[in-house]
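Letters go in sequence order (proteins before strands), and every chain restarts at 1.
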Amino acid sequence: MPFSIATWNINSVRLRMPLVQRLLEERAPDVLCLQETKCPDDLFPTAAFRKLGYEHIAFHGQKGYHGVATVARRPIEIVEKRRFCGIEDSRHLSVRVKAGGKALLLHNFYVPAGGDEPDPEINVKFRHKLDFVAEMNAIRADHDDVSGSILVGDLNIAPLEHDVWSHKQLLKVVSHTPVETTNFEAMRAAGGWVDLMRHGIPLDQKIYTWWSYRAQDWAASDRGRRLDHVWSSPNLTSLFLDYEILREARGWDRPSDHVPVIARFNLD
DNA sequence: ATGGTTGATTGTCAA
């Protein structure tokens with residue numbers, strides 16, 4: 001059995017626990033990284049995860065906004081809950097997990113959305129997003145013979161032309177502006193990260209993980225964006241098998257606007 | 001060009 005990691009912006013883990021349960025029962029990933037849990041740590045639905053076989057739970061939450069959590073069928077060791085930009089937002093959690101004789105450092109990120117106006121001079125949320133991505137330069141894809149790094153999460157940037165439904169129409173829309181996509185790709189490369197969702201995939205193939213709530217018919221208009229990502233250190237690319245975007249989850253009852261991405265590795 | 005929806009929280013912000 002391959003080793004599998006799922007990432008999903010769940011937009012309230014308590015409200016959507018039935019959807020999480022469905023994912024875990026249908027796909028049984030070894031590890032699940034959640035973003036936008038919107039759940040203080042003392043209210044995290046630990047018992048529900050345990051009942052589903054995910055007994056190893058790490059969370060970095062806060063009241064009302066943001067929040068990330070990583071749950072697993074196997075032991076995980078909390079490494080860090082990093083604060084960015086000097087702000088006490090819960091947007092990062094890293095854990096160590098063993099797979100196939102390797103110690104994997106797994107980063108779970110929720111990057112700021114950045115507001116509506118793509119001008120850092122008048123929009124402090126956009127300024128914060130750019131600063132956050134700049135600080136992510138410190139997160140490196142460390143690896144050696146017995147270890148590797150994986151970074152997943154809602155990074156709120158669709159970096160490539162075919163990561164959005166219309167490149168031209170989104171050039172001034174936050175998530176796909178040139179300053180975001182340029183800085184984002186530079187940060188990824190500087191850290192030594194490989195974009196696994198584009199690894200061996202033609203650059204002209206559309207890939208989406210998010211569809212707005214505001215569309216009348218999200219599936220018919222299909223105006224999606226690739227905001228969720230799976231990166232790895234270069235020594236894991238030969239062990240990377242494939243990944244699946246669970247597009248159908250966007251059509252589940254009371255869905256998140258993001259769908260799960262499940263990556264599989266030839267580990268174990 | 002604009003407005004459209006959702007969640008946490010209970011008026012309004014964030015996404």
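- Partners of A/His167 by ring pair (Phe, Tyr, Trp, His ring centres under 6.0 Å), not counting sequence neighbours, listed by chain and number: A/His176.
- What separates CD of A/Gln62 from P of B/dA14 is a distance of 12 Å, to the nearest Å.
- Remark: A/Arg254 engages no residue in a side chain to side chain donor-acceptor pair (under 3.5 Å) (not counting sequence neighbours).
- Note: CD (A/Glu36) to P (B/dG7) measures 11 Å, nearest angstrom.
- We find that OH of A/Tyr213 is positioned 6 Å from C1' of B/dT6, with the value rounded to whole Å.
- Heavy atoms of A/Arg91 sit under 4.0 angstrom from primed sugar atoms or phosphate atoms, though from no base atom.
- Contacts of A/His66 with the nucleic acid, taken as non-hydrogen atoms under 4.0 Å apart, involve only primed sugar atoms and P, OP1 or OP2.
- A/Ser175 and A/Glu180 form no side-chain donor-acceptor contact under 3.5 Å, judged by distance and modelled atom types alone.
- The list of side-chain hydrogen bond (donor to acceptor under 3.5 Å, both in side chains) pairs with a residue in residues 67-80 of chain A, not counting sequence neighbours, reads A/Asp30-A/Arg74, A/Tyr54-A/Arg73, A/Thr70-A/Asn108, A/Arg74-A/Asp268, A/Glu80-A/Arg82.
- Between B/dG3 and B/dA15, the two C1' atoms lie 16 Å apart (nearest whole Å).
- B/dG4 and B/dA8 have their P atoms separated by 22 Å, with the value rounded to a whole Å.
- Proximity of A/Lys125 to the phosphate of B/dA14: a side-chain N or O atom is located under 4.0 Å from OP1 or OP2.
- We find that NZ of A/Lys38 is positioned 7 Å from C1' of B/dT6, with the value rounded to whole Å.
- Proximity of residues 11-23 of chain A to DNA chain B (heavy atom under 4.0 angstrom from any strand atom) is restricted to A/Asn11, A/Ser12, A/Leu15, A/Arg16.
- For A/Glu185, the salt bridge (charged side-chain N to carboxylate O under 4.0 Å, His left out) partners two or more places apart in sequence, or in a different chain, are A/Arg188.
- When the P atom of B/dG4 is taken as reference, atom CG of A/Asp217 falls 17 Å away, rounded to whole Å.
- Atom CG in A/Asn9 sits about 15 Å away from atom C1' in B/dT5, given to the nearest Å.
- Note: CD (A/Glu117) to C1' (B/dA15) measures 16 Å, nearest angstrom.
- Considering only side-chain N and O atoms, A/Arg214 lies nowhere under 4.0 angstrom from the phosphate OP1 or OP2 of B/dT2.
- Here the P atom of nucleotide B/dC13 and the CG atom of A/Asn123 are 14 Å apart, to the nearest Å.
- The 5' end of DNA chain B is approached more closely, in terms of each residue's nearest nucleotide, by A/Pro255 than by the other of A/Pro255 and A/Tyr65.
- Side-chain rings of A/Tyr65 and A/Tyr110 stay apart, their centers remaining 6.0 Å or farther from each other.
- For residues 232-243 of chain A, every residue pair satisfying the side-chain hydrogen bond (donor to acceptor under 3.5 Å, both in side chains) rule, not counting sequence neighbours, is listed here: A/Ser233-A/Asn235, A/Asp242-A/Arg264.
- Look at the P atom in both B/dT10 and B/dA14: the space between them is 14 Å, to the nearest Å.
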